[in-house]
Q: 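One structure is given below, represented as structure tokens, and several questions about it will come after.
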Amino acid sequence: MKIQATTKDAHELMHQGVQALSKASIRGMHVDVKYCEKQHKYLNKKCDKLIKKFSKTKLGKRWSKTFLSVNWNSDQQLREVLFKKSGIKPVKRTKPSKGHPKGQASCDNESLELISKSYPELKPFMEYKKLAKVNNTFIAGILKEQVNGIIHPFFHLHIARTFRSSSSNINFHNQPNRDKKQRKIVRSSFKPAPGFGIMAADFSGIEVGTSCCYHKDKKMLHYVRHPEKNNMHTDMAVQCYLLDKFVKEGLEKTLRKGAKNGFVFPQFYGDYYKNNAASLASWGNLPTKGSFSKKDGEKLITGLSLGEHLIKKGIFDYDDFVDHIQEVEDDFWNNRFKGYRNWKKRNVREYYKKGYLKTLTGFTCSGEMSENDINNYPIQGAAFHKLLKTYIEVFRRLAHYKMKSFLIGQIHDELVFNYYPKEEDNVLEIVQEVACEWLPKQWKWINVPMVVEANVFDVDANWAQDSKVLELKAA
DNA sequence: GGAACTCGCCAC
DNA sequence: AAACGTGGCGAGTTCC
């Protein structure tokens with residue numbers, strides 16, 4: 001696989017991008033060293049306590065007896081204890097590799113979660129693993145990289161095969177966000193320069209929007225251009241779970257998330273209905289084998305449980321549900337988004353004919369690619385390039401107007417600033433102007449509105465504290 | 001004592 | 001027929 005900037009525009013994007021991003025690395029971002037050190041000690045203590053608790057249980061004792069030198073961080077030892085000494089049946093296996101052609105019995109969190117239903121004593125151990133990850137990877141990482149309270153994460157443009165960026169030392173791209181507890185612990189470490197505030201500007205639905213620039217699918221364009229009329233993820237939740245109506249509060253909101261993260265996005269990346277069904281079931285609190293019952297799933301707004309509701313619709317067990325999701329998949333590509341499907345077919349055909357692909361942003365991908373790769377790379381790359389071009393221009397304008405506010409980095413579809421309080425509105429205005437109006441003028445192939453969600457944190461507040469949210473759109 | 005591999009998990 | 005895209009990194013393990 002090889003990818004090259006084959007237009008002047010693409011070349012300039014890389015050169016200017018490298019310069020703008022390195023300036024952020026050089027300037028760096030402030031971290032709260034005292035907080036990190038305190039948190040590090042506290043988490044170590046907490047981890048010790050959890051392990052002490054676990055080591056007194058049956059499984060814990062068995063582990064100690066089995067090995068001369070116990071290592072609570074060794075998955076190999078855990079495997080031995082669970083699957084050999086205790087006779088527990090593995091939930092799934094790891095990917096086949098050189099050393100293990102059939103894969104090994106997996107002991108990831110998903111497996112432990114299921115096993116813990118019969119062995120609740122595993123709970124403190126699972127908690128330990130979570131906290132150890134936060135402590136050793138994130139808090140320790142910051143302490144290791146900080147110099148005088150400032151870290152200097154790198155942003156690379158030459159690593160990702162899609163010409164996305166990557167980040168290292170520390171990796172600014174994977175700081176915990178979804179899990180509230182982890183987010184709080186880790187993001188509290190990041191603070192603005194004294195007297196400044198943190199601001200983050202997210203491009204909403206950038207990958208879906210960028211896919212539209214390629215396939216121009218009518219229905220998807222309608223969804224993206226008129227989100228207030230129809231909402232793709234809501235519609236898919238209704239279809240996947242056979243809802244009669246969708247209500248914004250309650251379980252339906254979770255089911256919408258399920259449809260988005262368990263069906264729509266995985267489908268875009270090339271996943272298929274069997275995996276989707278399992279994911280959708282777990283989002284809906286349904287069993288992934290056997291019959292559904294009244295007890296399954298939380299209550300819908302109608303008063304019925306989700307399990308009860310599905311039985312009423314003729315979905316009696318998990319296998320019925322899988323069949324149903326297969327039909328949803330079929331409808332998704334052959335009916336709802338057939339324009340997208342046709343583009344994928346054309347795209348693959350073109351690649352096999354010519355041996356390379358072109359992205360809308362002027363990059364050429366050649367070499368060996370799978371069909372999923374062929375349809376993903378151009379979208380993922382161009383989506384990031386929208387952010388990068390915006391980053392460069394915003395950077396240029398901040399300097400041009402001699403503003404104090406500055407960019408500290410980027411997270412794929414999100415610009416991150418330190419804003420100077422008096423310039424708050426100016427920064428928002430610049431982002432709005434550049435992202436929503438200037439960018440679509442530069443790249444005429446952009447056929448969907450650019451929408452930005454700005455998160456403005458209080459002055460001197462850290463990255464985990466409250467922020468106000470503003471939506472920026474073209475005037 | 002380090003390189004390479006494996007697994008797991010964090011982000012988009 | 002097969003079956004999820006892109007990264008970084010910690011920790012354990014294996015091999016040289």
Side-chain angles (χ1 to χ4, degrees), chain A residues 1 3 67 69-80 92-101 103-112 126 129-142 144-145 153-179 182-183 185-187 200 202-208 210-211 261-279 326 329 365 369-384 387 409-414 416:
Chain A
M1 230 301 296
I3 185 161
F67 298 98
S69 69
V70 175
N71 185 346
W72 304 108
N73 294 320
S74 164
D75 286 346
Q76 211 71 280
Q77 294 192 1
L78 177 59
R79 228 168 249 131
E80 178 86 12
K92 57 175 182 181
R93 304 195 71 78
T94 62
K95 266 195 187 151
S97 62
K98 262 191 211 163
H100 306 278
Q104 307 191 80
S106 169
C107 45
D108 64 2
N109 190 51
E110 191 196 332
S111 302
L112 297 185
M126 293 157 69
K129 276 197 139 184
K130 273 226 158 110
L131 289 183
K133 163 86 179 170
V134 165
N135 202 16
N136 299 332
T137 303
F138 297 107
I139 300 295
I142 291 168
K144 179 181 156 201
E145 293 296 334
F154 296 148
F155 298 98
H156 315 281
L157 292 180
H158 65 292
I159 301 284
R161 47 212 299 139
T162 56
F163 261 40
R164 235 193 189 189
S165 66
S166 72
S167 169
S168 66
N169 304 83
I170 63 168
N171 180 357
F172 189 58
H173 286 167
N174 74 343
Q175 301 303 311
N177 198 10
R178 290 169 205 174
D179 183 296
Q182 295 184 19
R183 178 195 158 95
I185 294 172
V186 176
R187 295 203 174 202
D202 268 71
F203 285 13
S204 312
I206 194 67
E207 287 208 4
V208 175
T210 304
S211 80
N261 298 317
F263 184 86
V264 178
F265 285 155
Q267 279 289 334
F268 288 161
Y269 287 139
D271 203 1
Y272 80 127
Y273 69 93
K274 276 196 183 173
N275 288 339
N276 299 149
S279 178
Q326 185 175 13
E329 179 189 74
C365 321
M369 285 183 266
S370 74
E371 293 204 4
N372 284 343
D373 293 342
I374 296 165
N375 293 322
N376 276 324
Y377 289 0
I379 296 169
Q380 190 174 101
F384 171 67
L387 188 283
Q410 140 281 129
I411 311 175
H412 304 303
D413 64 352
E414 178 179 352
V416 189

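If you're wondering where the values come from, they're calculated on a predicted model, not measured in any experiment. Numbers restart at 1 for each chain; the letters A, B, ... are given by sequence-line order, proteins then strands.
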Q: Which of these nucleotides, B:dC10, C:dC4, C:dA3, is closest to any side-chain atom of A:Tyr272?
A: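 Closest nucleotide among those given: C:dA3.
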
Q: Output the single nucleotide from C:dG7, B:dT6, C:dG12 whose closest atom is nearest the side chain of A:Asn171.
A: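 Closest of the options to the side chain of A:Asn171: C:dG7.
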
Q: With side-chain contact (heavy atoms from CB on, under 4.5 Å) as the test, would you mind laying out the steps for A:Gln175 and A:Ile411 before giving the verdict?
A: CA-CA 10 Å; A:Gln175 301 303 311; A:Ile411 311 175; over 6 Å; no

Q: Please classify the nucleic acid contact of A:Arg79 as base, sugar-phosphate, or nothing, using heavy-atom distances under 4.0 Å.
A: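 Here A:Arg79 touches the backbone only, sparing every base.
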
Q: Tell me what A:Gln104 touches on the nucleic acid: a base, only sugar-phosphate, or nothing, going by heavy atoms under 4.0 Å.
A: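 Here A:Gln104 touches the backbone only, sparing every base.
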
Q: Counting any heavy atom closer than 4.0 Å, what does A:Lys98 reach on the DNA or RNA strands: base, sugar-phosphate only, or nothing?
A: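 The residue A:Lys98 makes sugar-phosphate contact but no base contact.
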
Q: Should the pair A:Phe265 and A:Phe268 be assigned to parallel (<30°), tilted (30 to 60°) or perpendicular (>60°) ring geometry?
A: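 Judged by the thresholds at 30° and 60°, the geometry between A:Phe265 and A:Phe268 is tilted.
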
Q: Which nucleotide in the set C:dG8, B:dG8, C:dT6 lies at the smallest distance from any side-chain heavy atom of A:Cys107?
A: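 Per side-chain heavy atoms of A:Cys107, the pick is B:dG8.
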
Q: Answer with yes or no whether A:Arg164 presents, from its side chain, a donor or acceptor under 3.5 Å of a partner atom in the base of B:dC12.
A: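 Between B:dC12 and A:Arg164, which were checked side chain against base, a qualifying N/O pair under 3.5 Å is present.
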
Q: At under 4.0 Å between heavy atoms, what does A:Gln182 touch on the DNA or RNA strands: base, sugar-phosphate, or nothing?
A: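 Touches sugar-phosphate only.
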
Q: Please confirm whether the shortest side-chain N or O distance from A:Thr137 to OP1 or OP2 of B:dC10 is below 4.0 Å.
A: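 A:Thr137 to B:dC10 OP1/OP2: no side-chain N or O under 4.0 Å.
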
Q: Assign the ring pair A:Phe155 / A:Phe172 to parallel, tilted or perpendicular, where the plane angle (0 to 90°) is split at 30° and 60°.
A: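 Because their plane-to-plane angle is over 60°, the rings of A:Phe155 and A:Phe172 count as perpendicular.
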
Q: When we call it a touch if two heavy atoms are under 4.0 Å apart, what does A:Asn71 touch: a base, just sugar-phosphate, or nothing?
A: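 Sugar-phosphate: the residue A:Asn71, judged by heavy atoms under 4.0 Å, touches backbone atoms but no base.
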
Q: Over all strands shown, is A:Gln175 touching base, sugar-phosphate only, or nothing at heavy-atom distances under 4.0 angstrom?
A: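 Sugar-phosphate, backbone atoms only, no base.
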
Q: Mind checking A:Ser167 for me? I need base, sugar-phosphate or nothing, with any heavy atom below 4.0 Å counting as a touch.
A: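 Result for A:Ser167 = sugar-phosphate.
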
Q: Please check: side-chain N/O of A:Asn275 versus main-chain N/O of A:Asp271, any donor-acceptor pairing under 3.5 Å?
A: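 No.
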
Q: Any side-chain N or O of A:Arg178 less than 4.0 Å from the OP1 or OP2 oxygen of B:dC12?
A: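 Yes, within the criterion.
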
Q: Counting distance alone, no hydrogens or angles: does the base of B:dC10 have a donor or acceptor under 3.5 Å from a partner atom on the side chain of A:Lys133?
A: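 By the distance-only test, no, there is no pair.
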
Q: Using a heavy-atom cut-off of 4.0 Å across all strands, would you classify A:Asn174 as base, sugar-phosphate, or nothing?
A: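 Base contact.
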
Q: Hey, does the side chain of A:Ser97 come within less than 4.0 Å of B:dT6's phosphate (OP1/OP2), counting only N and O?
A: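 Answer is yes, contact under 4.0 Å.
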
Q: Students often mix this up, so state it plainly: with edges at 30° and 60°, are the rings of A:His412 and A:Phe384 parallel, tilted or perpendicular?
A: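 A:His412 vs A:Phe384 ring planes: perpendicular.
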
Q: What's the closest nucleotide to the side chain of A:Arg161 if the choices are C:dG7, B:dC12, B:dC7?
A: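 So the nucleotide nearest the side chain must be C:dG7.
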
Q: From C-beta outward on A:Asn376, which listed nucleotide comes closest to its side chain: C:dT6, C:dG5, B:dT6?
A: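 Of C:dT6, C:dG5, B:dT6, C:dG5 is nearest to the side chain of A:Asn376.
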
Q: For A:Asn136 and A:Lys95, find the nucleotide of DNA chain C closest to each by heavy atoms; which residue's nucleotide sits nearer the 5' end?
A: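 Checking each residue's closest nucleotide, the 5'-ward one belongs to A:Lys95.
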
Q: How would you label the contact of A:Gly99 with the nucleic acid (heavy atoms, under 4.0 Å): base, sugar-phosphate, or nothing?
A: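 If one applies the 4.0 Å heavy-atom cut-off, A:Gly99 turns out to touch the sugar-phosphate alone, with no base involved.
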
Q: Hey, does the side-chain of A:Gln380 have a donor or acceptor N/O within less than 3.5 Å of a partner on the base of C:dG5?
A: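 Indeed, a donor on one side and an acceptor on the other fall under 3.5 Å apart.
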
